[in-house]
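In what follows, every heavy atom counts, from backbone to side chain, and hydrogens, waters and symmetry copies are set aside. Here the structure is a predicted model, which is why all the values come from computation and not from measurement. Numbering of ligands and ligand atoms starts at 1, following listing order.
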Amino acid sequence: MINENFLKLSGAYLFSEIAQKVKAYKAEAPRADIISLGIGDVTQPLCPAVIEALHKATDEMAVAASFRGYGPERGYDFLREAIVEHDFRARGIDIDADEVFVSDGAKSDTGNFQELLSKDVRIAVTDPVYPVYVDSNMMAGREIVYLPCTAENGFVPQAPLLSPQGGKNTSPLGENGKGLVIYLCYPNNPTGTTLTREQLKVWVDYALNNNALIFYDAAYEAYIQSEDVPHSIYEIPGAKECAVEFHSYSKTAGFTGIRCGYTVVPKGVKSERVKSEKSGLLETISLNSLWNRRQSTKFNGTSYLSQRAAEAIYTPEGKTQVKATIAYYMENARLMREVLTDMGFTVYGGVDAPYLWVRTPNGMKSWEFFDWMLRSAHVVCTPGVGFGSAGEGYVRLTAFGTHENTKEALRRVNDKL
Ligand code: PLP
């Protein structure tokens with residue numbers, strides 16, 4: 001018998017559905033020159049520091065004395081030390097290298113981490129949301145609660161909605177006593193919005209007061225430009241007791257094909273189990289040791305080459321080169337915001353994130369506007385409704401195109417409007 005939960009998932013993964021539609025249109029109009037501002041894949045090559053590290057690591061693999069086989073289960077020390085130093089200590093955050101788990105990217109980890117928790121734990125996600133959080137929890141048969149993020153609330157999920165009086169959770173979310181996990185992703189995919197330190201503190205305090213966990217996806221952290229936007233949830237006091245944080249080099253340094261990321265599981269983040277059914281006595285368990293157990297059973301590490309490549313991002317040359325590529329994409333974001341706003345569109349995001357969240361014109365539905373963009377302008381966007389019902393009436397555009405394609409896409413939309 002199959003896991004019936006898979007049948008409850010929506011028909012296809014959003015980007016597969018888009019790819020099918022584009023393919024069908026290409027069959028209809030083979031000469032159409034289609035520009036994709038849809039799926040969030042990058043277009044710029046790896047930076048020279050990364051390429052050099054990859055060549056060097058490859059040469060090491062060719063010699064018995066420096067050949068590497070299976071690596072340490074949490075990742076090589078050289079990379080975990082670099083992460084701790086540059087991503088955390090440099091920001092005044094004290095994270096131990098043993099709290100860092102190198103992975104093959106944030107999709108696997110954000111999808112897999114829920115395995116550590118009981119099926120009865122409730123899951124809160126923003127709507128719209130990166131679909132992986134929803135689908136992975138649905139596969140496990142969990143109940144999901146949606147926190148609407150709309151123009152009215154500035155695309156910021158409202159913690160007080162869960163617990164109007166503050167303090168202990170009185171909402172249906174906490175009532176079954178089995179716990180609550182809140183997934184937050186900032187800078188946000190898909191809306192491109194961010195939380196200030198004050199806004200994120202509301203959630204950390206909420207989690208601490210309500211015995212909830214936060215799974216914080218920082219995949220787009222490198223795109224933050226504004227001073228008051230935190231790069232890590234651990235900038236907020238108390239977060240090391242309630243939050244797990246996911247990082248990815250995919251968008252930071254063009255690693256979508258190389259594959260590398262990491263997850264921080266502070267030793268202070270604990271979950272509970274009933275130790276004695278009779279007395280109801282609870283025992284706390286460290287998620288750090290559980291995740292280590294899980295990874296050492298089911299994951300055999302990120303390749304040595306990928307980890308050496310990731311290490312190179314933290315060298316002075318690597319940092320400068322990666323920053324230049326991010327600036328390249330953020331120039332696209334700036335231009336798209338400016339030109340689309342001039343055309344009369346209402347545009348959110350694109351300031352501290354490589355995504356723009358664009359209101360469709362004349363009340364068009366997301367998929368209707370997607371079709372119009374594809375057929376009239378030969379530009380692919382992502383329908384907002386694919387990220388959740390609150391995304392209806394929006395599309396997401398990415399800044400990951402080349403300058404030339406981005407300008408051309410804007411020109412075509414303007415011409416066809
Ligand atoms: N998290 C978010 C919010 C994303 O948008 C993405 C990729 O688009 C990922 C995680 C996946 O990143 P990775 O390539 O590291 O698996």
Any N/O of Ser108 closer than 3.5 Å to an N/O of ligand 1? no

Report yes or no: does a heavy atom of Tyr220 sit under 4.0 Å from some atom of ligand 1? yes

Atoms of ligand 1 close to Asp217 [distance to a heavy atom under 4.0 angstrom, numbered from 1]: 1 (N), 2 (C), 3 (C), 10 (C)

Quick one: does Tyr249 get an N or O within less than 3.5 Å of an N or O on ligand 1? no

Numbering the atoms of ligand 1 from 1, which are under 4.0 Å from a heavy atom of Gly105? 15 (O), 16 (O)

Polar contact flag for Tyr355 and ligand 1 (N/O pairs, less than 3.5 Å): no

What class does the angle between the rings of His247 and Phe88 fall in, given that below 30° is parallel, 30 to 60° is tilted and above 60° is perpendicular? perpendicular

Structural part of Ser250 in contact with ligand 1, heavy atom criterion under 4.0 angstrom: side chain

Quick one: does any side-chain atom of Ser226 pair with a main-chain N or O of Asp228 as donor and acceptor, under 3.5 Å? no

May I ask you to decide if the ring planes of His378 and Tyr25 are parallel, tilted or perpendicular, using 30° and 60° as cut-offs? tilted

Only heavy atoms of Lys251, strictly under 4.0 Å: list the atoms of ligand 1 that pass. 7 (C), 8 (O)

May I ask you to check if ligand 1 and Ser248 share an N or O to N or O distance below 3.5 Å? yes

As an exercise, identify every atom of ligand 1 less than 4.0 angstrom from a heavy atom of Cys185. 3 (C)

